[in-house]
Colleague: 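My questions all concern the structure below.
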Amino acid sequence: MNNLSFSKNTLLIVDDNPTNLGVIFNVLDEAGLEVLVAQDGESALQKIEYVTPDLILLDIMMPGIDGFETCSRLKSNPSTSGIPIIFMTALGNTDQKVKGLSLGAVDYITKPFQKEEVLARIQVHLELRNLTKDLASKNQLLQEKIEEKTTLEKTLQQLNQELEKRVEDRTSELKQALQTLQQAQLQLIQSEKMSTLGQLVAGVAHEINNPVGFIKGNLTHAETYIQDLLEIVHLYQQQFPSPGAAIATRAEEVDLEYLIQDLPELISSMKVGVERIRQISVSLRTFSRADSTSKVEANLHEGIDSALLILQHRLKANDKRPKIEVVKEYGNLSLVPCYPGQLNQVFINIIANAIDALEDSLLKQNLEEIKVNPRQIMIHTEVDRHRNVAIIHIKDNGLGMPEEVCTKIFDYLFTTKPAEKGTGLGLSISHQIVVEKHDGQLSCFSEQGVGTEFIIEIPLA
Ligand SMILES: Nc1ncnc2c1ncn2[C@@H]1O[C@H](COP(=O)(O)OP(=O)(O)OP(=O)(O)O)[C@@H](O)[C@H]1O
Ligand SMILES: [Mg+2]
């Protein structure tokens, strides 16, 4: 036996017979093994609590608990069940050998001992034992590595999840910031557009107002003066039926009779004209009214009318197309709490879009078709008492729009118009004004070839 290969192995011999013990002890000690001894089962079990031998040589017949019982206890304890046990039996006792093996022993040696045989068997089992231990420790190592890897993987997964979450959070933060920025920009553009237009309109209205005021004032006097003059002419005609050739010729030249009859009508139509200019000026001032910071009760029909007035020049016929009709069906809207200047802007945007759409369709169709189906903007207003909202429908019978356009019209900067004609802001601003500023709704229904309808809903409470 090669001493070195087992020099680290410990063996426990359990035998109550000192002679046997002595013989075996010497054989193994000589072979270089660390040898422990016990003289009965119980002291063997106690020893094993402190030192774990690599192999146990176990006698069967002993005082106290015998070898089989000792073997059973060792095998039923997980911390000792792996220690290989070799029984020492009397020669030819087959029953004992079989029982020992069935209790978990790995082998047996027979008394009287054959030194070579004993050493050979012990060597085999120690080698096996060492290999098993080696394997177990490698297994353990492997298990640890696997556990380490699993833990690492878990940590990695967690880190990954955390990272993904942070990226997600950051992305949504950025999205939010972008949205806020766009909204701020919209508001800026909106107020800029409004104030420029408002200032212009207010300026024009103001400039018109003064001359209209004194034309209107003087017209009243002119009417009285003309009435007086006509009465005097009349008196002259009565007093001097033959005024002389020069007067008679001149009177004939100017068609005095017609002039006398037409002049009052002329004055009253001038009064109607001046009144119309005055109304326009009032309308313009309504439109340009600076918005207060809080809502005010306003007459939306006035707002719609002023928007129509501002767009009047675009509704008229021109050398390329006939006029665009406006059909109004105003319901009983009374006063609506709102920011009137902003709602006017919504009306202007939607009506201007309708005019654009109608112009396109007018340019594409021939006069006959247009005669049959005149181009119109229908404006209908009503109150839904049930939902307590004011509803304004603005509908055109232009070309309508395809589904893919319809889904984008409220998007910031979305336009299908050439750069000089559209910025793509009109409807996104209008949407913001209706939905965010007024808690209302702005919806659009469009059918290609039929037309488009915008519905504005403003809560009354
Ligand atoms: N009544 C309508 N009929 C057909 N298409 C319409 C109508 N109203 C809006 N659109 C479509 O919606 C798009 C967006 O309208 P929006 O008013 O936001 O921008 P725009 O008119 O193109 O430019 P602008 O900023 O000058 O108003 C238009 O380009 C057009 O394609
Ligand atoms: Mg527009």
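Fair warning: this is a prediction, and the values are worked out from it, not measured in the lab. One-based numbering, in listed order, for ligands and for the atoms of each.
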Colleague: Can you confirm, on distance only, whether ligand 1 has an N/O atom lying under 3.5 Å from any N/O atom belonging to Phe454?
Modeller: no
Colleague: Has Ser361 got a side-chain atom pairing as donor or acceptor with Gly398's backbone, closer than 3.5 angstrom?
Modeller: no
Colleague: Would you mind reporting whether Leu413 and Gln182 have side-chain heavy atoms less than 4.5 Å apart?
Modeller: no
Colleague: Side chains of Asn130 and Asn9: is there a donor and an acceptor less than 3.5 Å apart?
Modeller: yes
Colleague: What residue and heavy atom of the protein are closest to atom 1 (N) of ligand 1, and at what distance?
Modeller: Asp396 OD2, 2.9 Å
Colleague: Taking 4.0 angstrom as the limit and counting only heavy atoms of Leu427, give me the atoms of ligand 1 inside it, by number and element.
Modeller: 9 (C), 15 (O), 16 (P), 17 (O), 18 (O)
Colleague: Which heavy atom of the protein is the closest neighbour of atom 30 (C) of ligand 1, given with residue, atom name and distance?
Modeller: Thr416 OG1, 3.4 Å
Colleague: Does Phe410 approach ligand 1 within less than 4.0 angstrom via side chain, backbone, both or neither, non-hydrogen atoms only?
Modeller: neither
Colleague: For Gly422, counting its heavy atoms only, list the atoms of ligand 1 lying under 4.0 Å from any of them.
Modeller: 23 (O), 26 (O)
Colleague: When you check the space around the Mg ion (ligand 2), which protein N, O or S atoms turn up under 2.8 Å?
Modeller: Asn353 OD1
Colleague: Output the distance between atom CD (Glu447) and atom CD (Glu453), rounded to the nearest 0.5 Å.
Modeller: 11.5 Å
Colleague: List ligand 1 atoms under 4.0 Å from Thr415, heavy atoms only on the residue side.
Modeller: 20 (P), 22 (O), 29 (O)
Colleague: Which pairs, with at least one residue in residues 396-408 and sequence neighbours excluded, count as a salt bridge (charged side-chain N to carboxylate O under 4.0 Å, His left out)?
Modeller: none
Colleague: Under 4.0 Å from ligand 1, counting heavy atoms only, is it the side chain of Asn349, its backbone, both or neither?
Modeller: neither
Colleague: Taking non-hydrogen atoms only, is Thr452 closer than 4.0 angstrom to ligand 1 via side chain, backbone, both or neither?
Modeller: side chain
Colleague: Is it true that the side chains of Glu144 and Gln140 contain a donor and an acceptor less than 3.5 Å apart?
Modeller: yes
Colleague: At what distance is the nearest protein heavy atom to atom 14 (C) of ligand 1, and which residue and atom is it?
Modeller: Phe414 O, 3.4 Å
Colleague: Would you mind checking which non-hydrogen protein atom is closest to atom 25 (O) of ligand 1, with the distance to 0.1 Å?
Modeller: Thr423 OG1, 2.4 Å
Colleague: What pairs with Lys145 under side-chain contact (heavy atoms from CB on, under 4.5 Å), at least two apart in sequence or on another chain?
Modeller: none
Colleague: Please check: side-chain N/O of Asp384 versus main-chain N/O of Arg387, any donor-acceptor pairing under 3.5 Å?
Modeller: yes
Colleague: Closer than 3.5 angstrom, by distance alone: can the side chain of His380 be matched with the main-chain N or O of Ile391 as a donor-acceptor pair?
Modeller: no
Colleague: Salt bridge (charged side-chain N to carboxylate O under 4.0 Å, His left out): which pairs involve residues 236-257, sequence neighbours left out?
Modeller: Arg250-Glu253
Colleague: Give me the ring orientation class for His301 and Tyr330: parallel if the planes are under 30° apart, tilted from 30 to 60°, perpendicular past 60°.
Modeller: parallel
Colleague: Taking distance alone, with N or O pairs closer than 3.5 Å, would you say Leu425 contacts ligand 1?
Modeller: yes
Colleague: Is Lys395 close to Gln376 at the side-chain level, that is, under 4.5 Å between some pair of heavy atoms?
Modeller: no
Colleague: What do you reckon, does Gly398 put a non-hydrogen atom under 4.0 Å from ligand 1?
Modeller: no
Colleague: Of all the non-hydrogen atoms in the protein, which one sits nearest to atom 8 (N) of ligand 1, and at what distance?
Modeller: Asn353 CB, 3.3 Å
Colleague: Which residue and non-hydrogen atom of the protein lie closest to atom 12 (O) of ligand 1, and at what distance in Å?
Modeller: Ile409 CG2, 3.1 Å
Colleague: Which residue and non-hydrogen atom of the protein lie closest to atom 10 (N) of ligand 1, and at what distance in Å?
Modeller: Met401 CE, 3.9 Å
Colleague: May I ask you to decide if Lys316's main-chain N or O and Arg321's side chain share a donor-acceptor pair within less than 3.5 Å?
Modeller: yes
Colleague: Does Lys75 use its side chain to pair, donor to acceptor, with the backbone of Ile83 at less than 3.5 Å?
Modeller: yes
Colleague: Looking only at protein heavy atoms, which one is nearest to atom 21 (O) of ligand 1, and what is the separation?
Modeller: Lys417 NZ, 2.6 Å
Colleague: For Ala357, counting its heavy atoms only, list the atoms of ligand 1 lying under 4.0 Å from any of them.
Modeller: 2 (C), 3 (N), 4 (C)
Colleague: Quick one, Val212 and Ser281 - any side-chain contact, counting heavy atoms below 4.5 Å?
Modeller: no
